Engineer: 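Please see the structure below; I have some questions.
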Number of protein chains: 2
Amino acid sequence: MSDAAPKSGHSQRESIWRRPERGTRGPTPAHSRDDIVAAAIAIADADGLAAVSMRAVATRLETGAASLYRYLSSRDDLLDLMADRVAAELRPYPEPEGDWLDAMLRMARAQRAVHERHPWLSELSQRASAIGPEALAFFDACLRIMAPVPATPVAKFEAIGVMNGISILFARKRTAGEGFTFAGLDVGPYPHLVAALTQPPAAPPATDLFERAQRSLLCGLLATDPA
Amino acid sequence: MSDAAPKSGHSQRESIWRRPERGTRGPTPAHSRDDIVAAAIAIADADGLAAVSMRAVATRLETGAASLYRYLSSRDDLLDLMADRVAAELRPYPEPEGDWLDAMLRMARAQRAVHERHPWLSELSQRASAIGPEALAFFDACLRIMAPVPATPVAKFEAIGVMNGISILFARKRTAGEGFTFAGLDVGPYPHLVAALTQPPAAPPATDLFERAQRSLLCGLLATDPA
DNA sequence: GTAAACTGCAAACGCCGTTCGCAGTTTTTG
DNA sequence: CAAAAACTGCGAACGGCGTTTGCAGTTTAC
């Protein structure tokens with residue numbers, strides 16, 4: 001019962017980023033949060049997010065699963081840390097020189113690249129979880145770029161959210177290969193579908209489809225229209 | 001060992017929609033796929049997708065978990081069936097009368113409504129899984145609407161995918177309440193962030209933000225530009 | 001020197017998806 | 001009609017999961 005309750009009795013669980021990595025007493029730990037998060041990311045990159053079990057991470061670090069709970073308080077914490085760590089790959093942020101739209105497009109490209117490098121990241125994006133320091137820096141960088149845009153902060157946050165969504169959308173299209181199979185289903189009653197499917201696949205579409213989508217959305221969402 | 005192996009030794013698992021619901025012999029089953037899927041959807045609507053365990057679904061149907069495997073071959077099958085079943089709520093499809101863009105916007109609105117009714121649906125959208133008959137009908141309806149648009153089938157499929165993504169994005173914003181908390185993080189070094197956060201929340205943005213986003217994206221993606 | 005705070009970790013708990021085996025039911029076959 | 005085949009319902013069990021507990025050993029604080 002030595003290390004049971006924290007002093008301040010906040011009912012809501014203390015955010016992982018607030019808690020110190022370790023105290024001042026006791027033997028020096030064999031691992032660190034960073035080690036653990038790096039191991040978890042390596043597993044996720046290789047075998048997907050489902051393969052990131054506490055036991056698997058512990059095994060990769062040659063320790064026991066229970067030991068991880070000396071560094072993290074839950075698997076959700078680990079996922080939060082993973083998301084925040086790969087968010088650091090967005091750095092260095094584009095400088096807001098010249099057109100803000102160009103800078104935001106560079107940011108969007110970087111986002112898509114991160115999502116293509118770590119396909120599991122999009123699965124994390126849809127859990128409502130605590131926001132980390134890297135996400136904080138990312139938001140600030142976006143707001144800095146959009147500083148010259150005459151729109152409300154709310155609109156800018158929404159624009160960031162939509163940009164993120166579009167980046168995920170396009171990243172998934174590339175990683176997942178978009179391979180739906182209409183396997184074994186009767187497409188007979190759907191004439192438009194069979195017409196589209198029998199058409200030759202044609203050349204890949206314009207390369208800047210991603211840029212065009214981002215551009216039109218960002219401009220559209222941030223346009224100041226008379227209410 | 002009576003009901004072990006199917007006759008045709010396909011290595012890839014037979015799609016759930018191909019398999020007949022039941023054979024001709026034996027007692028009449030106490031349930032049906034539809035019962036099970038309805039129960040699962042009710043649980044997901046109430047308590048989220050994570051609460052949809054085989055045991056929970058079985059309990060709701062007052063039976064044992066193992067009994068469900070007489071109707072489904074896995075939980076993934078159940079999830080596929082759930083997704084396809086709520087996709088039926090998109091009906092009746094908008095008629096392609098008048099402007100194709102208006103019809104697609106009606107479709108997008110219907111999608112967003114479905115995602116708001118069933119917030120768990122977006123979690124299913126990102127698993128690469130077998131496509132069902134309702135999804136088939138949905139694709140056909142979209143292609144029918146976009147028939148007058150001079151674009152390649154590939155571009156149209158991508159437009160459908162992006163429309164779907166945007167619908168999810170906006171639906172999530174409404175259901176999740178967008179409540180990130182920057183709780184307990186030091187926002188000191190991020191001046192643009194604090195400036196944006198200290199600003200009064202202001203009025204909710206233009207109501208047709210969703211429509212504008214969809215419109216600009218659909219038009220942008222389907223624009224025939226000289227390659 | 002002793003107490004407090006810490007680390008590592010095996011064992012266990014309660015969930016989960018899934019499989020097995022068996023008793024009972026209905027249909028087909030001969 | 002009887003026997004075989006195909007089916008249903010489902011308790012029990014298997015292995016894996018996240019997490020908790022308890023304890024032996026280690027380091028620091030006083």
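Model, not experiment: these values are computed from the prediction. Order of the sequence lines sets the chain letters (A, B, ...), proteins ahead of strands, with each chain counted from 1.
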Engineer: Evaluate the ring planes of A/F138 and A/Y93, with Trp represented by its six-membered ring, and classify them as parallel (under 30°), tilted (30 to 60°) or perpendicular (over 60°).
Structural biologist: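 Plane angle between 30° and 60°, so tilted.
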
Engineer: Tell me which of B/G64 and B/T24 sits closer to the 5' end of DNA chain D, going by the nucleotide each one is nearest to.
Structural biologist: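 In this pair, the answer is B/T24.
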
Engineer: For the pair B/R91 and B/E134, find out whether any cationic side-chain nitrogen is under 4.0 Å from an anionic carboxylate oxygen.
Structural biologist: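 Yes, this pair counts.
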
Engineer: Could you go through the ring pair (Phe, Tyr, Trp, His ring centres under 6.0 Å) check for B/F139 and A/Y190 one step at a time?
Structural biologist: CA-CA 9 Å; B/F139 276 114; A/Y190 302 116; over 10 Å; no

Engineer: In this structure, how many angstroms lie between the C1' atom of C/dT29 and the CZ atom of B/R25, rounded?
Structural biologist: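 These atoms are roughly 9 Å apart.
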
Engineer: Measure from the side chain of B/R22, starting at C-beta and using heavy atoms only, and say which of D/dT8, D/dA5, D/dC10 lies closest.
Structural biologist: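 My answer, after comparing the listed nucleotides, is D/dT8.
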
Engineer: Is the closest side-chain donor-acceptor distance between B/R19 and B/S73 under 3.5 Å?
Structural biologist: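 There is such a pair (donor and acceptor under 3.5 Å, judged by atom type) between the side chains of B/R19 and B/S73.
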
Engineer: Between the protein and nucleotides 14-20 of chain D, list the N/O to N/O atom pairs that are separated by less than 3.5 angstrom.
Structural biologist:
from, atom 1, to, atom 2, distance (Å)
D/dC17, OP1, A/S53, OG, 3.4
D/dG18, OP1, A/M54, N, 3.4
D/dG18, OP1, A/R75, NE, 3.0
D/dG18, OP2, A/M54, N, 2.9
D/dG18, N7, A/R55, NH1, 2.6
D/dG18, O6, A/R55, NH2, 2.9
D/dT19, OP2, A/Y69, OH, 2.9
D/dT19, OP2, A/R75, N, 2.6
D/dT19, O5', A/Y69, OH, 3.4

Engineer: Using a cut-off of strictly less than 4.0 Å between a heavy atom of the residue and any atom of DNA chain C, enumerate the qualifying residues of residues 27-43 of chain B by number.
Structural biologist: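 Result for residues 27-43 of chain B: B/P27, sorted by number.
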
Engineer: D/dT8 C1' sits how many Å from B/L61 CG, rounded?
Structural biologist: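 Taking atom C1' of D/dT8 as the reference, CG of B/L61 is at 15 Å.
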
Engineer: Should A/T63 be listed as having a side-chain N or O under 4.0 Å from OP1 or OP2 of C/dG8?
Structural biologist: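 No, because none of the side-chain N or O atoms of A/T63 sits under 4.0 Å from OP1 or OP2 of C/dG8.
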
Engineer: Between atom CG in A/L68 and atom P in C/dC9, what is the gap in whole Å?
Structural biologist: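 Going from CG in A/L68 over to P in C/dC9 covers 10 Å.
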
Engineer: Decide whether B/D45 and B/W120 meet the rule of one side-chain donor and one side-chain acceptor closer than 3.5 Å.
Structural biologist: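 Present: a donor and an acceptor within the cut-off.
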
